Amino acid sequence: MHQFGGDWTARKLHAVQRYLNAYTTALRRQPFTLLYVDAFAGTPFHETSPLAEIVEPPFPGSGRTNPPAARAGGGARAGLEPPFDRYLFFEKHRVRCAQLEQLRADFPALADRIVIERREANDAIRTLCAGGWAGRRATMFLDPYGMQVEWATIEAIAATRAVDLWVLFPLGIAVNRLITRSGEIPRPGGIAST
């Protein structure tokens, strides 16, 4: 079982699920193909502390029973009514990517809509964003463990003008490691900025 997060992870996933329900409801009668994109996908379920509240999977009747002290991760929360047209998961870690394959078995009604690619997320996103977006809209989540998201990736997403982007920024770890003793954040090329 993939272990990460804490109570804040459960709050984040709850907010994401509420947003996704509103998103698909608002766009269900529009002429768009709706994509759910999780670019640093991890695993569909993750282990939490024994004190954490157990969250049931959001797919009623899926037959999935959560392991003890497990919570539905982002992938397991993507199935909702109305559903997305396609679910894209990018994960470069071999074992986690294999665990994502379980989503097809757990949610057979959505199996043909689920695409899982073992790829580096920045490359996968830039390839996806290079395609035409006139008839597509997407909700995309960038939730890396650290500072893996490249600026060129953010620019490619913005250029589509069709992607709702959620960036879950590792504030406590990443920014603290970037700040110099003077309190300035280094810019590319070693130029500091306050």
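Here the structure is a predicted model, which means the values were calculated and not measured.
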Legend entry - Non-hydrogen side-chain atoms of Thr24 and Tyr36 separated by less than 4.5 Å: no
Legend entry - Spatial distance of atom CG (Asn122) from atom CD1 (Ile154) [nearest 0.5 Å]: 8.5 Å
Inset, instruction - Quickly, which of Glu117, Arg96, Arg119 forms a side-chain contact (heavy atoms from CB on, under 4.5 Å) with Glu91? Name it, please. - result: Arg96
Inset, instruction - Check the pair Ile116 / Phe90 against side chain to side chain contact (heavy atoms under 4.5 Å, CB included), numbers first and verdict last. - result: CA-CA 6 Å; Ile116 299 163; Phe90 304 124; over 6 Å; no
Inset, instruction - Let me see the working for Thr139 and Leu20 under side chain to side chain contact (heavy atoms under 4.5 Å, CB included), right down to the final yes or no. - result: CA-CA 8 Å; Thr139 295; Leu20 292 173; 3.9 Å; yes
Inset, instruction - Mind checking the CG-CZ spacing from Leu34 to Arg28? Nearest 0.5 Å is all I need. - result: 11.5 Å
Inset, instruction - Give, for atom CD1 of Ile125 and atom CG of Leu165, the distance between the pair rounded to the nearest 0.5 Å. - result: 8.0 Å
Legend entry - Gap between atom CD1 of Ile157 and atom CZ of Arg161 - 0.5 Å precision: 14.5 Å
Inset, instruction - Please work out which of the three classes, parallel, tilted or perpendicular, describes the rings of Tyr87 and Phe89, given edges at 30° and 60°. - result: parallel
Inset, instruction - Flag the pair Gln102 / Leu100 as yes when at least one side-chain heavy-atom distance between them is below 4.5 Å, and no otherwise. - result: no
Inset, instruction - Could you tell me which non-hydrogen atom of Ala162 sits nearest to which non-hydrogen atom of Trp133, and how far apart they are? - result: CB-CE3, 3.7 Å
Inset, instruction - Give the minimum heavy-atom separation between Phe32 and Ala134, together with the two atoms involved. - result: CE2-O, 3.9 Å
Inset, instruction - Verify the neighbour count for atom CZ of Arg86: are there more than 12 heavy atoms of other residues, nucleotides or ligands below 6.0 Å? - result: no
Inset, instruction - List the atom of Leu128, the atom of Arg136, and the distance in Å for their closest heavy-atom pair. - result: O-NH2, 3.6 Å
Legend entry - Close side-chain approach of Lys92 and Cys97, heavy atoms under 4.5 Å: no
Legend entry - Backbone N/O of Asp164 and side chain of Trp166: donor-acceptor pair under 3.5 Å: no
Inset, instruction - Give a yes-or-no answer on whether the side chains of Thr33 and Asp85 include a donor-acceptor pair shorter than 3.5 Å. - result: no
Inset, instruction - Say whether, by atom type as modelled, one donor and one acceptor occur between the side chain of Glu150 and the main chain of Thr153 under 3.5 angstrom. - result: no
Legend entry - Candidate pair Phe40 and Phe141, rule ring-ring contact (aromatic ring centres under 6.0 Å, His included), full reasoning: CA-CA 8 Å; Phe40 294 88; Phe141 296 93; over 10 Å; no
Inset, instruction - Return the minimal non-hydrogen interatomic distance between Ala121 and Ala39, and the atom names on each side. - result: CB-O, 3.0 Å
Legend entry - Minimum-distance pair of heavy atoms, taken over all atoms of Cys129 and Ala156: CB-O, 3.6 Å
Inset, instruction - For residues Leu35 and Arg137, determine if any side-chain heavy atom of one lies less than 4.5 Å from a side-chain heavy atom of the other. - result: no
